J.: 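Here it is, the structure, as structure tokens.
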Amino acid sequence: MTKLIENMNENQKKAILTTEGPLMIIAGAGSGKTRVITQRIAYLIYEKKVYENNILAITFTNKAAKEMKERIYNIVGETSKYIWINTFHSMCVRILREHIENLGYNKNFTILDSSEQKSIIKNILKNLNYSENDYEPKSILKIISNSKNEYKKAKDVAEASRFGFMKVVAEVYSEYEKYLKKNAVLDFDDLLIKVIELFEKYPEILAIYQNKFKYIHVDEYQDTNLIQYKLITMLAALHNNICIVGDDDQSIYSWRGACIDNIKNFEKDFKNVEVVFLDQNYRSNSIILTAANSVIKNNVDRKDKNLWSENKGGSKINLYHAFNDLDEAENISRKIKSLVKTGKEYKDIAILYRANYLSRTLENLLLTNSIPYKIIGSLKFLQRQEVKDLLSYINVLVNNNDELSLRRIINVPRRGIGQGALEKIENYMAINNTTMYNTLANIEKVGLSKKSVKDLQSLYNTFEKYSDGDNFSIDQIIMGIYVDSGYEEMLKNSKDEYSESRMENISELVTSAKEYSEINNNIMDYITEMSLASDSDDENLDNAVTLSTIHASKGLEYDTVFIVALEENIFPSVMNSDDLTDEQNKMEEERRLAYVAITRAKNNLYLSNANRRMQFGNTKFNEISRFIKEIPEDLLLEERSLQLSSLNKINSDNNNITYISKYSPKIKEKKLSKAYNFNIYDKVSHKKFGKGIVKNIIEDSIIIKFEEYGEKTLLLEYANLIKE
DNA sequence: ACTGTTCGATTTTTT
DNA sequence: ATCGAACAGT
């Protein structure tokens with residue numbers, strides 16, 4: 001026992017030793033929370049003599065699950081495989097494969113990804129004779145997903161909304177559910193919902209898991225949504241030994257349904273909750289921590305806490321005022337080069353940004369400067385067309401009813417199945433009341449062209465050949481289908497410039513399948529894991545600078561971090577979000593995002609903003625981010641671009657440039673001249689042309705749409721505009 | 001069924 | 001500016 005809590009601070013020890021009853025661990029960034037969870041589980045096993053299979057640990061990402069598995073394996077060894085360490089979704093699949101037949105589903109169900117969801121919605125709209133223009137598939141899908149996560153079924157939505165847009169949504173929702181059931185597919189939300197449904201209908205099944213999971217852990221608890229909360233509440237109801245680990249300051253996914261109130265509700269819904277704060281940070285030096293603390297303390301709605309570090313000192317935070325985005329990127333390239341010269345490695349360095357499009361300029365410059373980089377969350381391997389095609393074949397193989405996957409590949413490679421042929425097939429299916437897959441078995445009766453019949457028979461034979469998975473390893477199945485289906489031939493004959501790399505991707509897929517099959521040669525498990533996987537999972541061992549959105553960087557740490565584009569309207573971002581959560585909440589989430597970004601850095605932090613920036617093809621001017629202003633000045637080492645100082649000389653009589661943005665709290669009516677003081681959409685008035693709205697600002701010109709005179713381009717210097 | 005062209009959107013996205 | 005999806009024409 002002493003070993004397990006050796007080198008732990010008092011609060012960490014308390015978190016590990018408090019095993020009975022509900023426990024809430026509020027773990028600040030870099031406070032060693034993963035270590036605490038793993039040690040706690042080890043403690044349960046070694047000291048409390050808890051069986052491995054009575055322990056459950058839930059994470060959000062596959063990556064976190066994998067990491068936790070490895071760490072626990074290192075302490076506990078072989079028997080650690082009996083601990084359920086899962087993401088919410090993989091845990092649910094595991095339960096559903098066992099019991100979903102009770103709900104009338106085939107246990108071989110396959111899992112939809114979001115692009116497939118969208119195409120289903122489109123299809124349904126078409127069948128119901130609604131136009132995609134009037135009813136945007138994306139928003140419908142979002143409402144359906146939100147409804148599901150609020151545990152509202154199609155009929156609940158239908159009852160609540162009998163008119164207008166929501167009525168259509170309800171109709172689509174209902175059709176969507178039917179379609180999923182018919183095809184024996186579940187979407188991501190379903191995985192959780194069906195488990196709850198199962199537990200509610202069959203208390204004896206719930207009891208199995210309640211009895212089994214005597215000790216439950218939930219990581220990244222601040223990101224749970226209502227359904228997930230409900231699920232863990234149900235599971236923990238019997239033994240009441242539930243340990244949640246989270247940090248309200250790092251909740252950055254509320255726009256995705258994460259419910260920060262779950263932290264507050266936990267203390268209400270469970271009795272006698274023990275709360276432990278982990279506030280000692282082992283990651284960053286105290287300058288970086290002070291900066292992070294001084295930013296986050298501007299949030300009102302949070303548990304008050306202050307991270308501290310024994311790692312005193314450190315160098316000041318570098319703040320670079322760039323002229324434009326190019327200048328910003330050049331500065332970073334320069335800095336990276338000199339950092340590398342002084343002994344840092346590329347992989348110690350990360351560049352973080354608020355939105356993906358901000359990576360473009362950076363990429364270009366890193367490329368021209370021959371600085372190796374990798375982008376987290378760029379085009380995902382599993383999203384690639386050829387990979388998805390092959391996996392669709394596998395989906396059909398394990399789930400013959402998965403018509404969606406079958407449709408995807410029925411004409412890839414070409415088998416002469418266009419719209420006409422499909423209609424004939426559908427016709428046959430309707431008359432004979434059979435599935436598309438079964439139709440393939442009798443395809444000669446459908447009345448297609450000779451070649452199509454032959455090709456589809458061959459397709460059917462391919463499926464049948466590999467349908468008894470026991471005779472083949474997974475990689476053999478994939479490779480076999482790849483060759484037998486004619487996919488390989490198609491790529492070989494293709495003149496497409498990408499076909500080469502497509503073939504490489506397939507071979508990568510086969511290689512990884514081979515590795516998988518050596519551990520577990522179960523094609524169903526394989527396809528499940530692939531459906532639940534995202535590619536940030538595979539770690540990249542290259543020595544390269546990391547480019548990432550701040551969201552995707554959560555949970556990671558780097559010696560040196562650059563945060564770019566710290567400008568109002570970008571970060572914090574202007575959000576014309578469709579939900580009506582209030583401004584305050586949105587701003588606080590932006591601030592949490594800033595907090596997450598800053599706390600990724602261990603030793604060196606570089607911030608930058610640009611005076612002007614190309615956005616969507618236009619030059620825009622944004623004020624420096626409020627988050628920079630929230631950092632005490634004495635922590636900052638400021639640098640200004642030379643280009644910027646020459647700009648300032650031109651406007652030397654206007655040192656006190658006031659930028660104006662949507663979010664500036666104190667916008668004063670002010671007479672402005674010469675300086676670049678306007679933002680797009682600002683209302684202005686002009687002596688001669690009267691009132692208008694700023695449409696664009698390019699270099700020293702401003703384009704304004706005047707109410708009476710229409711669009712005019714004026715020189716900023718002489719325009720003499722007055723801001724309304 | 002394939003190809004070229006226009007039009008439109010464009011924050012984040014653990015599963 | 002840029003990428004993709006929708007649409008129209010061959």
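Just so we're clear, the structure is a prediction, and the values are computed from it rather than from any experiment.
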J.: Looking at A/R612 and A/D325, does any basic side-chain N land under 4.0 Å from a carboxylate oxygen?
T.: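 Salt bridge absent between A/R612 and A/D325.
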J.: Round to a whole Å and report the spacing from CD1 of A/I570 to P of B/dT10.
T.: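 For the pair A/I570 CD1 and B/dT10 P, the rounded distance is 17 Å.
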J.: Quick one: is A/N356 getting a side-chain N or O under 4.0 Å of the B/dT10 phosphate, OP1 or OP2?
T.: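 Answer no for this pair, as no side-chain N or O of A/N356 is under 4.0 Å from OP1 or OP2.
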J.: Should A/N108 and A/N399 be marked as a side chain to side chain donor-acceptor pair (under 3.5 Å) after you check the CA-CA gap, both sets of side-chain angles, and the distance that decides it?
T.: CA-CA 6 Å; A/N108 290 341; A/N399 176 9; over 6 Å; no
J.: Which residue lies toward the 5' end of DNA chain B, A/E589 or A/G418, if each is placed at its nearest nucleotide?
T.: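 Mapping each residue to its closest nucleotide by heavy atoms, the 5'-most match is A/G418.
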J.: Assign A/Y253 to base, sugar-phosphate, or nothing according to its heavy-atom contacts below 4.0 angstrom with the strands shown.
T.: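 Counting heavy atoms under 4.0 Å across all strands, the contact made by A/Y253 includes a base.
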J.: Considering just the side-chain nitrogens and oxygens of A/R256, establish if one lies under 4.0 Å of OP1 or OP2 belonging to B/dT15.
T.: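 Result: no.
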J.: Give the rounded distance in Å between these two atoms: CD of A/E67 and C1' of B/dT14.
T.: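 Going from A/E67 (CD) to B/dT14 (C1'), I get 14 Å.
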J.: Establish, yes or no, whether the cationic atom of A/R283 lies under 6.0 Å from the six-membered ring centre of A/Y558 and within 45° of the ring axis.
T.: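 Verdict for A/Y558: no cation-pi partner in A/R283.
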J.: Ignoring the backbone of A/A552, work out which of B/dT14, B/dT15, B/dT13 is nearest its side chain.
T.: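 So the side chain of A/A552 is nearest to B/dT13.
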J.: A/D223 near the nucleic acid: base, sugar-phosphate alone, or nothing, with a heavy-atom cut-off under 4.0 Å?
T.: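 Result for A/D223 = base.
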J.: Separation of A/M490 atom CE from B/dC2 atom P, in whole Å?
T.: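 Rounded to whole Å, this separation is 11 Å.
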J.: For a quick check, with a 4.0 angstrom heavy-atom cut-off, what is the B/S/- contact string for nucleotides 1-10 of chain C, read 5' to 3'?
T.: BS---S----
J.: Return no unless some side-chain N or O of A/K138 is found under 4.0 Å from OP1 or OP2 of B/dT10.
T.: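 For B/dT10, OP1/OP2 do have a side-chain N/O of A/K138 under 4.0 Å.
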J.: Within this structure, what is the CZ-to-P distance between A/R613 and B/dT10, rounded to whole angstrom?
T.: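 Result: 20 Å.
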J.: Do NZ/NE/NH1/NH2 and the carboxylate oxygens of A/E590 and A/R354 come within less than 4.0 Å?
T.: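 Answer for the salt bridge query: yes.
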J.: Atom CG of A/N146 and atom C1' of B/dT13: how far apart are they, to the nearest Å?
T.: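 That distance rounds to 13 Å.
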J.: Determine, answering yes or no, if A/W255 is stacked on B/dT12 under the 5.5 Å centre rule and the 30° plane rule.
T.: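 Here A/W255 meets both the 5.5 Å and the 30° conditions.
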J.: Which residues pass the side chain to side chain contact (heavy atoms under 4.5 Å, CB included) test with A/R35, not counting sequence neighbours?
T.: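 Listed in chain order: A/N7, A/M8, A/Q39, A/R71.
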J.: Ring centroid separation for A/W84 and A/H217, is it under 6.0 angstrom?
T.: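 Judged by ring-centre distance (under 6.0 Å), A/W84 and A/H217 do not meet the cut-off.
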J.: Less than 4.0 Å between a side-chain N and a carboxylate O, is that true for A/E220 and A/K554?
T.: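 Yes, A/K554 and A/E220 are salt-bridged.
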J.: Are any of A/T549's side-chain N or O atoms less than 4.0 Å away from OP1 or OP2 of B/dT13?
T.: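 Answer is yes, contact under 4.0 Å.
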J.: Is the shortest distance from a Lys or Arg side-chain nitrogen in A/R592 or A/D247 to a carboxylate oxygen in the other one below 4.0 Å?
T.: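 Looking at A/R592 and A/D247, the cut-off is not met.
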J.: Can you check the A/L141 CG to B/dT15 P distance for me, whole Å?
T.: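 Result: 18 Å.
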J.: Nearest whole Å is fine: how far is B/dT12 P from A/Y353 OH?
T.: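 Interatomic distance, OH of A/Y353 to P of B/dT12: 10 Å.
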J.: Could you state the OH-P distance from A/Y357 to B/dA9, rounded to the nearest angstrom?
T.: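 Atom-to-atom, A/Y357 to B/dA9, this comes out as 17 Å.
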J.: When the P atoms of B/dT12 and C/dA5 are compared, how many Å lie between them, rounded to an integer?
T.: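 Roughly 16 Å separates the two P atoms.
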